[in-house]
Amino acid sequence: MATATTIRPRTQTIAPLVDSVEILRAPLFHTPGNPFENPRSFVALYDGALAIQAGRIAACGDYIVVRAQYPEAAVRDMRDGCILPGLIDTHVHFPQVRILGGLGLSFPEWLETLALPEEGRLAETEYARIVAREFVQGLASHGTTAALVFGSHFAEATAELFNAADHHGLRVTSGLVLSDRGLPPVLCQTPEIALSNSRLLLETFRDKSRLRYAVIPRFAPSTSEAMLEVCQTLLRENPALLFTTHVNESAAEVAQVLQAFPWA
């Protein structure tokens, strides 16, 4: 059973960024406008360029145009690949990074033999810190710079996720995963502790520019009415928070939800 905790953000010493300009030359694809409103928002440049200055994009366009803007800049030739904006992952699990590839099982079997035991290991904060680094580095190495992330059932592990994302400059939306029934006891928490730890995480990380907090009940079968009221309280206290959970993933789960919430 999870308990209340103390959480501290880790401060990082970051070297100052060099002010000189570097041009990245490659085929370039991006959407400077909203493609759902205007199909012409998609831009494809066969010989494109990004000018980077002090870690930020200073210019974007055809290579010949960007080069004319910064004639003295060093050029990195990347024409054997292409340049894309950072990818966005709208649903990914931080605690499951070490069980990737565990296929060939039914959903209940997969949960019982792989997912839940691994998630329970994140009760050890040092292990959670290592996994959080692996997870965030994995996102970045595959071009994902923003993600809606299912966090951990442990406040300390969720804090490690936020710390790792903040250190690497990724935009991560996550939060403490809330459950109080139907799971191994180590992954359950009382509604009172869940509310306290969620408030603590929110207060600790809410001012980090690239981090956002989400209220995350795991799924209906693992969440009592009292825990759902915790979710409601957090959202009422902080209307700007996001909310995410799982929909039913099998006919058996639909039946289980109907049994747990017969009035719904």
ILVMFWY network linking Leu242 to Leu178, side-chain heavy atoms under 4.5 angstrom
no

Report yes if some heavy atom in the side chain of Tyr70 is under 4.5 Å from a heavy atom in the side chain of Glu22; otherwise report no.
no

Interatomic spacing from CG in Leu116 to CZ in Arg121 - rounded to 0.5 Å:
11.0 Å

Applying side chain to side chain contact (heavy atoms under 4.5 Å, CB included), run through Arg25 and Arg76 and close with a yes or a no.
CA-CA 6 Å; Arg25 182 180 186 182; Arg76 191 190 312 180; over 6 Å; no

About how many Å separate OG of Ser152 and CZ of Phe94, when rounded to the nearest 0.5 Å?
6.0 Å

Would you tell me whether Ser250 and Glu253 have side-chain atoms, one donor and one acceptor, within less than 3.5 Å of each other?
no

Rounded to the nearest 0.5 Å, how far apart are CG of Leu176 and OG1 of Thr158?
5.0 Å

Do the side chains of Leu105 and Leu114 get nearer than 4.5 Å, heavy atoms only?
yes

Examine Ile216 and Val186 and state if one hydrophobic cluster contains both, with Ile, Leu, Val, Met, Phe, Trp and Tyr joined whenever side-chain heavy atoms are less than 4.5 Å apart.
no

Can a salt bridge be assigned to the pair Arg133 and Glu160 using a cut-off of 4.0 Å between side-chain N and carboxylate O?
no

More than 12 heavy atoms of other groups within 6.0 Å of Leu100 CG:
yes

Are Phe42 and His30, when compared by the centres of their aromatic rings, separated by less than 6.0 Å?
no

Gln96 vs Ile99, test: side chain to side chain contact (heavy atoms under 4.5 Å, CB included). Steps then yes/no.
CA-CA 5 Å; Gln96 296 175 7; Ile99 58 167; 3.9 Å; yes

Got Asp62 and Val66 here, is their nearest side-chain heavy-atom distance under 4.5 Å?
no

Mark yes when over 12 heavy atoms from residues, nucleotides or ligands other than Ile57 sit less than 6.0 Å from its CD1; otherwise mark no.
no

Rounded distance (nearest 0.5 Å) linking atom OG1 of Thr145 with atom CD1 of Ile88:
7.0 Å

If I take atom CZ from residue Phe150 and atom OG1 from residue Thr244, how far apart are they, to the nearest 0.5 angstrom?
5.0 Å

What one should report as the nearest heavy-atom pair of Gln189 and Val177 is NE2-O, 3.1 Å

Test log, rule ring pair (Phe, Tyr, Trp, His ring centres under 6.0 Å), inputs His93 and Phe135
CA-CA 9 Å; His93 284 250; Phe135 173 78; 9.5 Å; no

Give a yes or no on whether Glu112 atom CD has more than 12 heavy-atom contacts from other residues, nucleotides or ligands under 6.0 Å away.
no

Nearest heavy atoms of Leu183 and Cys188, plus distance in Å:
O-SG, 3.7 Å

Look at Arg129 together with Glu134 and state whether they make a salt bridge at an N to O cut-off of under 4.0 Å.
no

More than 12 heavy atoms of other residues, nucleotides or ligands under 6.0 Å from CD of Gln259: yes or no?
no

Can you list the steps and then say if Glu229 with Arg236 is a salt bridge (charged side-chain N to carboxylate O under 4.0 Å, His left out)?
CA-CA 10 Å; Glu229 289 175 0; Arg236 284 178 172 172; over 6 Å; no

Using every non-hydrogen atom in the two residues, find where Ala260 and Arg181 come nearest and quote the distance to one decimal.
CB-NH2, 3.6 Å

For Leu234 and Leu195, what are the C-alpha separation, side-chain angles and deciding distance, and is it a side chain to side chain contact (heavy atoms under 4.5 Å, CB included)?
CA-CA 8 Å; Leu234 290 168; Leu195 181 60; 3.7 Å; yes

Counting neighbours of NE2 on His91 that are heavy atoms of other residues, nucleotides or ligands and sit closer than 6.0 Å, is the number greater than 12?
yes

Applying side chain to side chain contact (heavy atoms under 4.5 Å, CB included) between Val136 and each of Val131, Leu161, Thr144, report the one that passes.
Leu161

Apply side chain to side chain contact (heavy atoms under 4.5 Å, CB included) to the pair Val43 and Phe29, showing each step before the final yes or no.
CA-CA 6 Å; Val43 174; Phe29 307 92; over 6 Å; no

Using a 4.5 Å cut-off on heavy atoms from C-beta on, say whether the side chain of Pro217 contacts that of Phe243.
yes

Heavy-atom closest pair, residues Arg67 and Ala73:
NH1-O, 2.5 Å

Salt bridge or not for Arg199 and Glu237, using N-O below 4.0 Å?
yes

Arg98 atom CZ: more than 12 heavy-atom contacts under 6.0 Å
yes

Closest heavy-atom contact between Asp180 and Pro191?
OD2-CG, 3.8 Å

Hey, is OH on Tyr46 packed in by over 12 heavy atoms from elsewhere, all under 6.0 Å?
no

